[in-house]
Participant: 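Could you have a look at this structure, given as structure tokens, before my questions?
Note on naming: letters A, B, ... go to the chains in the order of the sequence lines (proteins, then strands), and numbering restarts at 1 for each one.
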Amino acid sequence: MSFRIRMILPLIATFVAAVGYPLFYSFYLSLTSYKITQRWDSHFVGLNQYRDVFANSDYWSAMKVTGLFVVIGVFLELSLGLAIALSLQRQKRFRDFTRSFLLSPMFITPIAVGLMFRFLLNQQLGAIPTILDKVGFSYDFFGSGNALFTMIMIDTWQWTPFMVLLILAGLESLSKQPFEAARVDGAKPFYTFRRITIPMLAPILTVAILIRSLDALKVFEYVYATTRGGPGIETQTIQYFTYQTGIQYYRLGNASAMAYLLLIIVMIIVVVLFKQIEKTRRL
Amino acid sequence: MAKVTFEKVVKKYGNVLAVDDLNLELEDGKFTVLVGPSGCGKTTTLRMIAGLEDVTSGIISIDKLDVTSLEPKDRDISMVFQNYALYAHLTVAENIIFPLLARGGKRVEAQGRLQEVAKMLNISHLLERKPKELSGGQQQRVAIGRAIARAPKVFLFDEPLSNLDAKLRVEMRTELLRLQRQLKTTTVYVTHDQEEAMTLSDVMIVMKDGKILQKGSPIDIYEYPNDTFVASFVGSPRMNLISGLCDRGLFTSESGIKSIVKNIGPKKTVLGIRPEEILLVPAVEADFMATIEIVELLGPRAIVTLQVASEHLTAIVNTSDMGSIQEGLEVGVKFRKDRTHLFDEKTQVRL
Amino acid sequence: MRKRESSWGILSKLIITFSFIIVAAPLLWVLLASFKTGSDLNDPTLVTFTPTSENWKKVFSSGIFQSAGRSAFVGVITVAISIVLGSMGAYSISRYKTGKSLTRFGILAAQVLPPAVLVFPFLDLAYRLRLSDTLVAVIAAHLSFVLPVVTWFLIGFFDAAPKEVEEQALVDGLDRFAAFRKVVLPQVAPGMGAAAIFGFVLSWNDLFYALILAPGNAATLPVRIAGFNTFRGVELGAMCAAILVSVVPVLIASFFIQRRLVRGISGGAVKF
């Protein structure tokens with residue numbers, strides 16, 4: 001056996017055990033009526049679970065909620081991240097301290113972030129609604145119509161730093177010459193930003209958006225810590241819904257079908273996006 | 001000390017032929033230089049000796065031992081890379097004794113050898129530093145020190161001087177030559193710089209497109225190039241190559257360049273003449289006339305570009321002989337007797 | 001001569017100041033609340049009060065340190081396995097193009113998998129092997145996302161490392177594995193550090209897998225903190241203290257790793 005095979009074999013073996021096996025097994029589960037309370041009574045039901053999921057309006061509602069969460073959240077994080085990264089890049093004094101501090105939210109356990117905002121935004125005992133109330137402005141952060149946006153704000157608080165980190169790394173690896181040339185040519189800052197900074201950052205922005213979107217799809221902790229899907233099912237995200245079906249209601253077969261359907265949809269989106277990126281790259 | 005032989009060695013990268021049916025014997029104790037333009041297969045050849053590149057087919061042996069399928073560590077060689085490849089996390093001393101310890105040598109014994117090597121290369125004062133604290137020239141010395149710390153059968157050098165500035169390069173060249181003479185170890189050296197090849201080699205091998213074009217002593221190759229490629233690749237400024245007709249001992253080009261040559265033909269040929277063999281003479285002695293286009297002074301000598309109709313010739317003239325030579329002047333030109341090279345126009349091979 | 005401050009310069013200072021407040025204020029407020037008594041907590045805007053250590057005592061006696069220890073244990077084991085196997089595999093992939101683009105794609109694709117796809121098989125297997133509510137199940141599950149991420153990082157670092165140094169080591173008399181261990185790994189050590197920290201943070205922060213696979217006696221820190229999720233006034237202070245227990249270590253750690261992370265990422269980790 002050659003050296004390169006010997007080197008990769010342990011990785012492949014672990015990979016197959018930790019990723020490959022569950023991946024296939026969950027597909028098998030999605031074809032059964034498996035319930036964790038009645039493990040002995042599980043039988044093959046073919047695509048029935050998928051049919052049920054397709055017909056389940058709560059599932060599609062969860063999809064929509066997750067979609068909105070991802071799109072709005074990532075867009076906000078990207079815009080704020082760009083503004084903050086560009087500001088940080090210019091900064092000279094207290095550079096390390098500010099950077100470390102502004103990046104720190106992304107390292108905090110998401111469940112702690114969720115609980116923190118649950119505490120701060122609570123209608124009766126939270127500091128922020130109380131202050132707003134005092135200035136004559138009443139706003140229920142977890143009320144109907146507002147709760148999803150509150151989730152997005154929490155996500156933005158925690159993950160904008162991730163955008164800042166990637167964009168900052170990207171900015172620092174950019175060659176200085178085009179910027180100096182632009183200055184010599186007398187370009188205005190905004191023009192430089194639009195015509196030089198953004199195009200040169202494009203590859204890293206694409207990566208950042210992709211990583212962040214895929215991660216935001218998995219949102220669970222904030223929902224678990226604050227609304228538990230409510231009011232109604234307004235903030236029930238796909239990951240939370242699957243968790244409920246599988247763990248709260250013990251219907252593992254059904255939950256597996258939900259997860260698999262999500263995986264297929266995500267894969268399709270990723271492939272289409274990649275094709276699109278390839279196309280624009282060639283233009 | 002050892003002989004390195006290649007028998008029918010072929011190296012392919014996918015469908016690209018990097019080295020094509022190489023048969024070669026590198027002599028024991030000699031300084032052999034592989035030279036050629038980039039992509040000619042010289043580095044691949046060197047890396048195949050080292051075992052860093054697999055051989056597609058054929059046999060490589062070192063000292064009569066077939067090493068074709070041996071790991072690099074079992075070939076008893078040492079190598080110096082273009083970018084020195086020092087171990088950044090080790091000190092200079094640790095770098096130099098690395099090959100000794102890697103082969104199971106004792107640290108105590110290695111210390112003795114370390115001192116010798118450091119002295120030889122004048123780096124005794126740098127031993128405790130890390131590579132990044134050294135200048136390019138010093139790093140180069142450390143890399144060479146590491147190569148000579150052991151007494152391998154073969155030294156391999158992959159363009160080791162190309163990252164140094166011009167002055168340092170000339171210095172290191174001399175030093176390398178001195179070391180090799182002292183150690184008498186078979187050495188294979190790769191470079192794209194023909195001047196470096198000329199000055200360093202006992203045996204020079206010119207390669208192109210994965211094939212050997214010519215092998216021989218530098219002076220032989222300079223004096224008797226096998227074809228027009230070798231003729232123009234070796235020597236600086238380059239040899240002048242002029243297309244024309246050879247007929248009964250007289251060469252004539254369309255632009256009117258004339259010279260007495262070997263009695264061959266009538267045949268379409270390429271005439272080669274080195275810049276230093278072009279003589280500027282009074283009109284009465286001249287074979288043809290030319291206009292002086294540019295004069296570039298180099299100190300004791302000058303490069304003179306001559307124009308004959310649409311043809312340009314490069315000549316080297318001693319400054320003391322220049323007399324009234326200046327740009328725009330018309331002068332008589334003659335090629336030094338028996339110093340012309342003739343090549344077949346079709347095959348580009350020496351006649 | 002003093003240059004006139006451009007409008008963009010002023011704006012950028014404003015942005016930084018504003019972001020600073022947005023990040024700091026919630027944390028400060030939680031810190032304040034963790035010293036308040038149950039009745040003080042009824043007035044959320046109260047700033048001056050007699051601090052109490054009651055909340056902290058309650059949190060410290062709740063087994064939160066055992067949970068933090070478990071989280072650290074899971075993180076360290078997961079990262080150690082990932083770094084050892086990942087570095088060997090990544091090296092093979094980077095240097096010898098093992099498996100061509102298939103291996104690279106597989107490792108990338110594994111990062112796209114929704115956790116919900118993988119968690120139920122882990123749960124079922126844990127039941128069958130009588131490993132439910134143990135850390136073994138959690139570690140196995142964490143490997144499924146830490147291993148691909150760490151390997152992906154490392155492939156980037158190996159791609160960026162110069163090849164000559166290891167070739168030199170081969171010529172100098174090391175076999176391929178020794179050259180990898182003694183020469184290649186030290187070269188990518190900074191990158192490995194960044195990858196290890198990143199992997200550890202991922203594992204340390206995970207709630208989803210840990211909550212499903214070990215919700216009881218083997219609760220990790222996020223699961224334990226989630227357990228403080230209550231809105232009975234008397235326990236609010238304790239919840240704040242628990243939040244801080246998880247925040248303070250990462251806050252300190254992030255100060256040390258920020259610079260390295262920026263460099264590590266620009267050093268080639270984020271490439272497709």
Participant: Out of the candidates B:M79, B:E53, B:R47, only one should pair with C:E167 under the side chain to side chain contact (heavy atoms under 4.5 Å, CB included) rule; please name it.
Facilitator: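 Going through B:M79, B:E53, B:R47 one by one, the side chain to side chain contact (heavy atoms under 4.5 Å, CB included) with C:E167 is satisfied by B:R47 alone.
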Participant: Would a distance-only check, ignoring hydrogens and angles, find a side-chain to backbone donor-acceptor pair under 3.5 Å from B:R103 to C:D172?
Facilitator: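 Yes: the side chain of B:R103 pairs with the backbone of C:D172.
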Participant: Is it true that atom CG of B:D54 has more than 12 heavy atoms of other residues, nucleotides or ligands lying nearer than 6.0 Å?
Facilitator: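 Atom CG in B:D54 is not crowded, with 12 or fewer foreign heavy atoms closer than 6.0 Å.
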Participant: Where does C:A178 contact chain B at under 4.5 Å (heavy atoms): side chain, backbone, both or neither?
Facilitator: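 It is neither, since no heavy atom gets under 4.5 Å.
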Participant: Sorted by first residue and then second, give each ring pair (Phe, Tyr, Trp, His ring centres under 6.0 Å) pair with at least one member in residues 58-116 of chain B; sequence neighbours left out.
Facilitator: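 Sorted pair list: B:Y87-B:F98.
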Participant: Starting from the C-alpha separation in whole Å, work towards a yes-or-no answer on side chain to side chain contact (heavy atoms under 4.5 Å, CB included) for C:D175 and B:K73.
Facilitator: CA-CA 7 Å; C:D175 64 43; B:K73 70 184 174 74; 3.3 Å; yes
Participant: For C:F18, does the CZ atom have more than 12 heavy-atom neighbours from other residues, nucleotides or ligands under 6.0 Å away?
Facilitator: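 For C:F18, atom CZ is not crowded (no more than 12 foreign heavy atoms under 6.0 Å).
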Participant: Select, from B:D76, B:L156, B:D158, B:N83, the one with the greatest count of heavy-atom pairs under 4.5 Å involving chain C.
Facilitator: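 Looking at each option in turn, the highest pair count goes to B:N83.
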Participant: Looking only at heavy atoms and a cut-off of under 4.5 Å, which of C:Q187, C:K163, C:R176, C:E164 has the most pairs with chain B?
Facilitator: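 Answer, by heavy-atom pair count under 4.5 Å with chain B: C:E164.
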Participant: Taking all atoms of both residues into account, what is the closest heavy-atom pair of B:L52 and C:V171, and its distance?
Facilitator: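 Scanning both residues, the minimum pair turns out to be CD1-CG2, 4.4 Å.
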Participant: Could you tell me whether C:K97 atom NZ has more than 12 heavy atoms of other residues or ligands within 6.0 Å of it?
Facilitator: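 Counting other residues, nucleotides and ligands, NZ of C:K97 exceeds 12 neighbours.
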Participant: Under 4.5 Å from any heavy atom of chain C, what part of B:L100 do you find: side chain, backbone, both or neither?
Facilitator: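 No part of B:L100 comes within 4.5 Å of chain C.
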